[in-house]
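Everything on this sheet refers to the single structure shown next.
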Amino acid sequence: MKKTALIMAGGRGERFWPKSRKNLPKQFLSLTGDGKTMIQLTVERILPLVDMEDIYIATNRDYKALVQEQLPNIPDENILCEPIGRNTAPCIGLGAIHISKKYEDAIMMVLPSDHLIKYNQMFVNTLKQGCELAEKGANLVTIGITPDYPETGYGYIKFLPEQMDGHAYAVDRFVEKPSLEVAKEYLATEQYLWNSGMFVWKVSTILDNLKQFMPDIYNGLQVIRSSIGTDDEETVLETEFTAFPSESIDYGIMEKATNIYILPGTFGWDDVGSWLAVGRIRKSNEQGNVVNGNIITVNTKNCIIEGTGKLIATVGLEDLIIVDTEDATLICEKNSAGDIKKVLENLKICNRDEYI
């Protein structure tokens, strides 16, 4: 069966402020030191499985030019521009109807654009297993990450170890982000995986589930589908998509459907959720500092320092994130990295949109 991929690239990357901005969000930045942006790496790693003409990018219409610039080999008609952000269920549905318009049916891989993978071949092998399971029937396949510490910032998926299909386990339930104590319990049971937000299914399977569990979105998608390739396509998309509720695929379908399987992923995954991820994906020096730019450190330990051409000198600092850009500088304790979004909230309140 034909293999296709939908890469979701509409996020704002607010926890990577001030480098990630409204006009250049995280997925279009290079964070790995090799000059490649996160969305370029995402496309590159799936090319052993999917032809370039079968890769679709779902993004905000404001980012179409960025996608074209960074991924010039993606066909223009495969760049799906959402008129407004409506979470993952409408986004995935939009990808599914475009693929169904091109092919009678196909395997559809759904991948975020801002994850990093350390072991690409192991990742591709896991996706292959997902494709095989999805093709066997009306199965919804998700990829979970084997946890190695009690993370409170991720959702978890409980699987049934006694119910297997090949390398995959049947899913018992999806659970929300836990407290630290609950996360420790999950880790101890060895029956929970982190929810990575990566999926594999047949287009027909996800559309059938949308029809069953999210009929309003399904019906609107059918209207959009009938307009694809016509003069009314943009107008219909604007009208129908804007009317959709903002709902995640997890809440809308995965928590309600049957025939859900999970493949454990052990391929060096990182969701690059905040500046703390830079400390995990880049090498640190002898003092535990991760530095990039024109930096001098004195008695400075375990800091993440991101600069430009301007000299940044630090003295006697520890456990800080320092990010300097042309018009803004962030100084943040590492344990407060999750609060960086509050800076943006304050900027919006103060109508200082030039810094957002």
Self-check item: Shortest non-hydrogen separation from Asp327 to Tyr355 and the atoms involved
Solution: O-CE2, 3.4 Å
Exercise. Determine, step by step, whether Ser100 and Arg225 satisfy the side chain to side chain donor-acceptor pair (under 3.5 Å) criterion, reporting the C-alpha distance in whole Å, the side-chain angles of both residues, the deciding distance to 0.1 Å, and the verdict.
Key: CA-CA 9 Å; Ser100 74; Arg225 186 183 187 277; 2.9 Å; yes
Exercise. State whether Tyr261 and Lys136 meet the cation-pi test: NZ (Lys) or CZ (Arg) under 6.0 Å from the six-membered ring centroid, and within 45° of the perpendicular axis.
Key: no
Practice problem: Give the minimum heavy-atom separation between Ile84 and Phe241, together with the two atoms involved. | Solution: O-CE2, 3.2 Å
Quiz item: Roughly how far, to the nearest 0.5 Å, is CD1 of Ile92 from CD1 of Ile217?
Solution: 10.5 Å
Self-check item: Beyond-backbone contact of Asn139 with Leu133, side-chain heavy atoms, under 4.5 angstrom
Solution: yes
Quiz item: Are side-chain heavy atoms of Leu31 and Phe16 found at a separation under 4.5 Å?
Solution: yes
Self-check item: Donor-acceptor under 3.5 Å (Thr230 side chain, Ser226 main chain)
Solution: no
Quiz item: Do Asn78 and Glu53 meet the criterion of a side-chain donor-acceptor pair at a distance under 3.5 Å?
Solution: no
Exercise. Mind checking the NE2-NZ spacing from His167 to Lys128? Nearest 0.5 Å is all I need.
Key: 12.0 Å
Quiz item: Any luck finding a side-chain donor-acceptor pair between Tyr103 and Asp54 under 3.5 Å?
Solution: yes
Quiz item: Considering only heavy atoms from C-beta outward, does the side chain of Leu237 approach that of Leu94 to under 4.5 Å?
Solution: yes
Self-check item: Ion pair check, Glu44 and Lys36, cut-off under 4.0 Å
Solution: yes
Quiz item: Hey, what do you get for CD1 (Ile99) to CD (Glu104), rounding to the nearest 0.5 Å?
Solution: 14.5 Å
Practice problem: Go through the steps for Phe267 and Tyr119 under the test ring pair (Phe, Tyr, Trp, His ring centres under 6.0 Å), then give the verdict. | Solution: CA-CA 5 Å; Phe267 36 71; Tyr119 306 112; 9.0 Å; no
Quiz prompt | Value rounded to 0.5 Å, distance of CZ in Phe174 from CD1 in Ile260 | solution = 5.0 Å
Self-check item: Nearest non-hydrogen partners of Arg15 and Ile340, listed with the distance
Solution: O-CD1, 3.8 Å
Quiz item: Are a donor atom and an acceptor atom from the side chains of Asn60 and Glu82 found within less than 3.5 Å of each other?
Solution: no
Self-check item: Partners meeting salt bridge (Lys or Arg N to Asp or Glu O under 4.0 Å) with Lys184 (sequence neighbours left out)
Solution: Glu181
Self-check item: Nearest heavy atoms of Trp17 and Ala328, plus distance in Å
Solution: CZ2-CB, 3.9 Å
Quiz item: Below 4.0 angstrom, N of the basic side chain to O of the carboxylate: do Asp208 and Lys211 qualify?
Solution: no
Quiz item: Any donor-acceptor pair under 3.5 Å linking the side chain of Thr314 with the backbone of Thr300?
Solution: no
Practice problem: For the residue pair Tyr156 and Trp194, categorise the inter-ring angle as parallel (less than 30°), tilted (30 to 60°) or perpendicular (more than 60°). | Solution: perpendicular
Quiz item: Thinking salt bridges, do Asp51 and Lys3 make one under a 4.0 Å N-O criterion?
Solution: no
Quiz prompt | For the student: nearest non-hydrogen atoms of Ala277 and Asp270, plus distance | solution = CB-OD1, 3.7 Å
Practice problem: Report yes or no: does Gln70 contribute a side-chain atom to a donor-acceptor pair with the main-chain N or O of Phe28 at less than 3.5 Å? | Solution: yes
Quiz item: Considering only heavy atoms from C-beta outward, does the side chain of Met109 approach that of Leu49 to under 4.5 Å?
Solution: yes
Practice problem: Inspect the surroundings of OH in Tyr251 and state if more than 12 heavy atoms from other residues, nucleotides or ligands are less than 6.0 Å away. | Solution: no
Quiz item: Are Ile7 and Leu127 in one and the same hydrophobic cluster, where Ile, Leu, Val, Met, Phe, Trp and Tyr link if side-chain heavy atoms are under 4.5 Å apart?
Solution: yes
Quiz item: Do the rings of Trp269 and Tyr154 sit parallel, tilted or perpendicular, given the 30° and 60° boundaries?
Solution: perpendicular
Exercise. Test Asp250 against Asn195 for side chain to side chain donor-acceptor pair (under 3.5 Å), laying out the working first.
Key: CA-CA 10 Å; Asp250 287 352; Asn195 184 355; 2.8 Å; yes
Exercise. Show your working on side chain to side chain donor-acceptor pair (under 3.5 Å) between Ser204 and Asp105 and close with a plain yes or no.
Key: CA-CA 6 Å; Ser204 58; Asp105 202 0; 2.6 Å; yes
Exercise. Tell me yes or no: between the side chains of Gln40 and Thr37, is some donor less than 3.5 Å from an acceptor?
Key: yes
Exercise. Measure the CG-CG distance between Asp216 and Leu221 for me, rounded to the nearest 0.5 Å.
Key: 11.0 Å
Quiz item: Which residues pass the ring pair (Phe, Tyr, Trp, His ring centres under 6.0 Å) test with Tyr218, sequence neighbours left out?
Solution: none
Quiz item: Can we say Asp324 and Lys310 salt-bridge, meaning some charged N sits less than 4.0 Å from an Asp/Glu carboxylate O?
Solution: yes
Quiz item: Looking at Glu255 and Arg173, does any basic side-chain N land under 4.0 Å from a carboxylate oxygen?
Solution: no
Practice problem: State, with a plain yes or no, whether a side-chain heavy atom of Lys348 is found less than 4.5 Å away from one of Glu345. | Solution: no
